[in-house]
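It should be emphasised that the depicted structure is a prediction, and the values quoted were computed from it without experimental measurement. Residue numbers begin at 1 in each chain, while the letters A, B, ... track the order of the sequences.
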Amino acid sequence: MIEKPVLIRDDGLRHDGRKPEDLRPIKMQVGILKNADGSAYVEYGKTKVVAAVYGPREVHPRHLALPDRALIRCRYHMAPFSTSDRKSPAPSRREIELSKVIREALEAVIFSELYPRTSIDIFIEVLQADGGTRTTGLTAASLALADAGIPMRDLIAGVAVGKVDGVLVLDIDEVEDEYGEADMPIGYAASIDEIMLLQLNGVLTPEEFRRAIELAKEGARRIYDQMKKTLHDKYLRIIEK
Amino acid sequence: MIEKPVLIRDDGLRHDGRKPEDLRPIKMQVGILKNADGSAYVEYGKTKVVAAVYGPREVHPRHLALPDRALIRCRYHMAPFSTSDRKSPAPSRREIELSKVIREALEAVIFSELYPRTSIDIFIEVLQADGGTRTTGLTAASLALADAGIPMRDLIAGVAVGKVDGVLVLDIDEVEDEYGEADMPIGYAASIDEIMLLQLNGVLTPEEFRRAIELAKEGARRIYDQMKKTLHDKYLRIIEK
Amino acid sequence: MIEKPVLIRDDGLRHDGRKPEDLRPIKMQVGILKNADGSAYVEYGKTKVVAAVYGPREVHPRHLALPDRALIRCRYHMAPFSTSDRKSPAPSRREIELSKVIREALEAVIFSELYPRTSIDIFIEVLQADGGTRTTGLTAASLALADAGIPMRDLIAGVAVGKVDGVLVLDIDEVEDEYGEADMPIGYAASIDEIMLLQLNGVLTPEEFRRAIELAKEGARRIYDQMKKTLHDKYLRIIEK
Amino acid sequence: MSLTPTKQPIIPRIKRETIKSLIRSGERIDGRKPEEYRKIQVWLNPVPKAEGSALVKLGDTTVMTGTKLEIGTPFSDRPDEGVLQVHAEFVPLASPSFEPGPPDENAIEAARVVDRCLREPRAVKLEDLVIIPGKKVWLVFNDIYLLDHDGNVIDASMLSTMLALNTAKIPKIVSIEDDNVIIDKTVKERPLPINLNVVTVSIGILEGYMIVDPTLEEEIVLDTKIVIGVDEKGRIVGIQKTGMEGIKPSQLDDIIELALKKAQELHAILREVLNNPNAYTTPLVLQ
Amino acid sequence: MSLTPTKQPIIPRIKRETIKSLIRSGERIDGRKPEEYRKIQVWLNPVPKAEGSALVKLGDTTVMTGTKLEIGTPFSDRPDEGVLQVHAEFVPLASPSFEPGPPDENAIEAARVVDRCLREPRAVKLEDLVIIPGKKVWLVFNDIYLLDHDGNVIDASMLSTMLALNTAKIPKIVSIEDDNVIIDKTVKERPLPINLNVVTVSIGILEGYMIVDPTLEEEIVLDTKIVIGVDEKGRIVGIQKTGMEGIKPSQLDDIIELALKKAQELHAILREVLNNPNAYTTPLVLQ
Amino acid sequence: MSLTPTKQPIIPRIKRETIKSLIRSGERIDGRKPEEYRKIQVWLNPVPKAEGSALVKLGDTTVMTGTKLEIGTPFSDRPDEGVLQVHAEFVPLASPSFEPGPPDENAIEAARVVDRCLREPRAVKLEDLVIIPGKKVWLVFNDIYLLDHDGNVIDASMLSTMLALNTAKIPKIVSIEDDNVIIDKTVKERPLPINLNVVTVSIGILEGYMIVDPTLEEEIVLDTKIVIGVDEKGRIVGIQKTGMEGIKPSQLDDIIELALKKAQELHAILREVLNNPNAYTTPLVLQ
């Protein structure tokens, strides 16, 4: 067992020098894959995720097709080389659960009723995991859907708030997740002001929970702005061409 | 290796005080589940089993439907906590074989030709295993089918005869099964006098086999009477309401 | 680790007394199974393989049927007792790859366009493995297809060339495969002069490769003649009856 | 891969509307108040072959949980702790929608939510389950078995889990030789050490209206459901939002407040049962 | 989950009726008498790479069995015995009804019936297969491979199993160091120790009429089939009833009597083969 | 079981004809010459958490490979060598034809071809990866991850594998006690020892016309494709013919000659990248 590192230094900064309310450096690219109908690459610090969207397209097998809406299929998956110890390629229970909560979050924004009898397939691949992979993945999936031209009520930005050494901090990385007291990922649609994904893994007082939600919304809003800008820039580029 | 316990005591009684021809205390309840179309809970001593029936209902996938009769589907399954050492939830070879012999026994009494293109699904869950789980399961499944109103030629009562310390005994429990010389489970439809399930795991002389069958039939008849009474009482209760 | 045996003796002969260009004793029988539409049993020395063909027949599940040609399904499989250490019955990655390359070889000769919406199923079972199982299997499958009356452009004869102790040798056995420097299996249709299967597992210079191909073709031609004779004899026998 | 659910019980449109309009007017289709749980029935130790067990009926939702204790190896990064594993099976007798097979995403989610709500507040004293540090520890297998599904499976699973763990007894260690531990499952030595109890409270949301302990029919019409784990100290020890609609952040305060209130009631029930175990160790009557 | 079989060879109604009326009149469609087995052909040791092997043709039913011996760990509750494992694969070349994949319920049932008929009378001397008590023993893998299916697979499997076990030779143990056992499979030291031989007799019942050794077409029209294991001492060592109809208890005496009689014939064949192994160790001709 | 592929991208007949007639006239649909590779882009070490990694874009075919190093047991017949394992996943985001699930035959084939081309010429110095002979060695997991599929996956996989292996660093061994090896993945001690580099050259054949590095659309219309592994000494270290048509033996000389020529170009690229690693260790831009 490795000893717990100092997560909040004497100067109040975090182990990587960030202030509690700081995000990691965030990068976004859209339209990165040739085959997919929409795609995105997103980095939150050292966490690196690719997402792709296929659809609306025919459903296989046919009997799964829904008469009044599109079937949403979603897979969150980690590359074997993405983690410290090699991850077996077979889907873990964790991956199955995260595929579900990410799918449910996206169901809340996709106008599925516009595409009856089709499927919209969302594939998320974690290339490097350093904390916040589900939230990074949700952001990437949301961008890939927009890139694929799927009509949505809003974009969803994912971000996690953690409690480390007793302090609420934004966008925790792997060390903070592993040695911290709580990890609360959210998916937030800023324009319509709705939370689409919410989990808490850890212990918080009710008061801490309230403050954590505020911090998460505030962080998600910044990511949301960057997502808008990324999409805007891409379409500008296309128009300019 | 634990030493073999005394199975037949000097007074001729069994390790739990029963006479060779005694059943364990048997309890039966029907209609115990809300969702199932029929259900039953049966205890043979410490062996505890729940069975449920769904159907006749639509077949999935469709191409399995039979044009002239109902498809019978049957699963015998043990809860992970039902055995001394935790049982892995994946179906074992033993569970696959027992699902087959129980299904075949029930096929012999269900009027499947009345429900072409449907399926009748029988699910047996062993909650605690202390010997005789397949026979307890068969009794429970038979009650659940009756509770579901599925027309049958007769009820089937399950019971095992064993040979322990050289003596033929009725309704063996786990210790008698483990340290005995033979275990012969049967499924008997008393009114039509037919044996629907018959297996022998152990060594018997032809003469012993003959006596074992008599003993088994006699025991099954007592269980059969209790099954009839259980169903009767339930319908009386319903009528009284 | 067992020490490498001498593969080319001082007299230039191989460990089993063969000359470099010698095949092992080869036996062939066709029409050996009752149920299969076509079947063959082939031995290359101690390597023993059965192949069976079913079809053209209905495709299950239906949606796999091809509108303009037969679906070819091929399985190369090893019996658990065929190898030195017992082989697990689950298909290995090796078996999956070999099923593919054998299927592709056979696709090249079968007139699949004659049987739209059907499947032609080829099952190869290795009963004893002593080197050259894929090539023996390809020969057996080719004979089984002919025995089933499936129209083909040509027969395919399989044979491997190896490099052992620096010498190119024909039809290597297990010891030569394990301790040799290269194993190059080919599938050759002699009449139309086409190579349908070609793999190289090992290191060869371009010049060695050229000579290895010549040696392989020469060996395959001999096997091809024996295949023709085997089929001819069988049909003679049938006609005589 | 997760798919939009396609195989759910079908509720006629008119009934869906009735359920919804009742919730809007502060009522429930089964006559309950919005903040009222269904009747909770408890049987302790129904399967004594397991080291611990409990059956809980929450209305018509029936969950049996069995706790098995075995000898095993600790995780290499936790050499000084026992191992807790929570599994859930939604067996096909529990619902017309279930099929045989490995646990689906709903069963996995339920098991993982219960697992986290136990793990984070350290509900089980795993540090007291070490036999040979780094080599041999007790493995605690907590298997949740859903027998009848009428909604709110997680609250019922958490209750039956907590009761099964509290009734569990550790078998006797007969001998230890060369890292080889022999146990005797017929002799129980001491209770499984528990630090504190945890309950979950599941709150359904429909157009901003809140209800607790939804039935299956209610779950189908709800916009979303939020499961909140609360320990006996009143701390939040886990949250899981499920469902295919969003939730207004402004409503979260009300949700938490309601969850804390209902959690106190559930904790009172746990205490009552655990203080009077004999009253709840009665022959199983499933009807 | 077990399902009513849906994929069986189709027999025209008129042929079904012919098969049935022949059985009722004491005849068989292939000209046999009710109590007559088909021709039995045997090849010993067809795959010498296995430690033991045999191929048996029972009419057109063809079964090859291979016995492999490997070093492994005994079961913790049987530290002083080797381990016997029986598996059966019904590979897809054996029948148009078979599909590739893990063994289905019929293959599993066949393997388990053979396994029990060997295990209960202790046909293999497992106590002579211990190398280091509690730690290293011989594992006996008996793999039944069905190559052509024309009914009565279990009797053919039992015969080929018994022959494969009888021909099996135990490889040489080269060295034992620190529980690490090195063997040399190219040198065989001694035969696998066998206590006694077992055969099974499969009796089909149609409306009370009994036939032995049914073909596949007969199996499809039968009401039920009962497989009876009999050892060389004439004891019953296993029974398995299969099929979707019942059996009259009053008929069991006749069934057992017939089984014992036919078992003697099969045991005589086993003896003849094992006493003259060279006569049956001929090149494999499958036609 | 291997099946005739049924789920491939559909290309309109007219386009198929165009692609074919261009190849016949020595041209390509994307303007390339028959013997010309697409543009090759390389990123070294894009995922530093892996011990080694590389991303290669061959035209629009994108492959990321990660190399992980872990402690494990050697094969019993190779006690004095580390273990190399090559896996490939064709994840469903890479193509509309791919479905989630375990690797299919194409992914398995790609991994096995790359594996053999490394293993046969001993590209990795496995003998330098032993920690305790016979007991503990380094396991080298080389995972090929196809992110975008536009044909010629194997050449791209081989390039990214070779680069990932060349960038891989072996973690520090902190302590060895009783066969228990503790490592620290945050400290890298030395490069993974490489003997020599290998590339593959994939040559498509249509009616005898040869093209290198086919795109996916080209692959669909080709008669056959032959993959040739060539090491930096110009030796042939592996061959795999794929596709459902034959090849004329008389053409093999031309094929090998072309492969050797193109292999030199690919080896030159590898050298250029490995000699100037910093120029290729830039932020990942996938567009």
Q | chain B interface, residue from Asp231(E), Thr242(E), Val230(E) that has the most non-hydrogen pairs under 4.5 Å | A |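 Most heavy-atom pairs within the cutoff with chain B belong to Thr242(E).
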Q: Just give me the residue among Arg119(E), Lys233(E), Glu109(E), Arg112(E) that pairs up with chain B most often, heavy atom to heavy atom, under 4.5 Å.
A: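 Of the options given, most contacts go to Arg112(E).
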Q: Would you mind checking which part of Ile226(E) comes under 4.5 Å of any heavy atom in chain B, side chain (CB onward), backbone (N, CA, C, O), both or neither?
A: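 Contact with chain B: side chain only.
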From [X] atom [atom1] to [Y] atom [atom2], the distance as rounded to the nearest 0.5 Å:
| X | Y | atom1 | atom2 | answer |
| --- | --- | --- | --- | --- |
| Ile239(E) | Ile213(B) | CD1 | CD1 | 6.5 Å |
| Gln240(E) | Gln199(B) | CD | CD | 4.0 Å |
| Asp77(E) | Glu178(B) | CG | CD | 7.0 Å |

Q. Do the non-hydrogen side-chain atoms of Arg235(E) and Glu208(B) ever get within less than 4.5 Å of each other?
A.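 No, their side chains stay 4.5 Å or more apart.
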(Q) Are the side chains of Leu200(B) and Glu120(E) in contact, using a 4.5 Å heavy-atom criterion? (A)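 No. Closest side-chain heavy atoms not under 4.5 Å.
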Among [options], which residue has the highest count of heavy-atom pairs closer than 4.5 Å to chain E?
| options | result |
| --- | --- |
| Ala70(B), Ala189(B), Cys74(B) | Cys74(B) |
| Asp121(B), Leu66(B), Ile122(B) | Leu66(B) |
| His63(B), Arg153(B), Arg69(B) | Arg69(B) |
| His77(B), Glu95(B), Arg210(B) | Arg210(B) |

Q.
Using a 3.5 Å distance criterion without hydrogens, assess whether the side chain of Lys241(E) forms a donor-acceptor pair with backbone atoms of Met196(B).
A.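 Confirmed, Lys241(E) side chain pairs with Met196(B) backbone.
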Q: Would you check if the side chain of Ser99(B) reaches a backbone N or O of Met1(E) as a donor-acceptor pair within less than 3.5 Å?
A: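 Checking the backbone N and O of Met1(E) against the side chain of Ser99(B), no donor-acceptor pair under 3.5 Å is found.
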Q | Over 12 non-hydrogen atoms of neighbours within 6.0 angstrom of CD in Gln264(E) | A |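 Counting neighbours around CD of Gln264(E), 12 or fewer heavy atoms of other residues, nucleotides or ligands fall under 6.0 Å, so no.
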(Q) Check this for me: Glu21(B), atom CD, are more than 12 non-hydrogen atoms of other residues, nucleotides or ligands nearer than 6.0 Å? (A)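 Yes, enclosed.
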Between [X] and chain E, with a heavy-atom cut-off of 4.5 Å, which part of the residue counts as in contact: side chain, backbone, both or neither?
| X | value |
| --- | --- |
| Leu106(B) | neither |
| Arg94(B) | both |
| Tyr188(B) | side chain |
| Glu181(B) | backbone |

Q) When only heavy atoms count and the cut-off is under 4.5 Å, which of residues 245-254 of chain E reach chain B? A)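 Against chain B, the residues of residues 245-254 of chain E that fall inside the cut-off (heavy atoms, under 4.5 Å) are Glu245(E), Gly246(E), Ile247(E), Lys248(E), Pro249(E), Leu252(E), Asp253(E).
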Distance-minimising heavy-atom pair for [X] and [Y]:
| X | Y | value |
| --- | --- | --- |
| Arg73(B) | Leu3(E) | CG-CG, 3.8 Å |
| Lys100(B) | Ser2(E) | CA-OG, 3.4 Å |
| Ile256(E) | Pro206(B) | CG2-CB, 4.2 Å |
| Arg93(B) | Val86(E) | NH2-O, 3.0 Å |
| Thr4(E) | Leu71(B) | O-CD1, 3.6 Å |

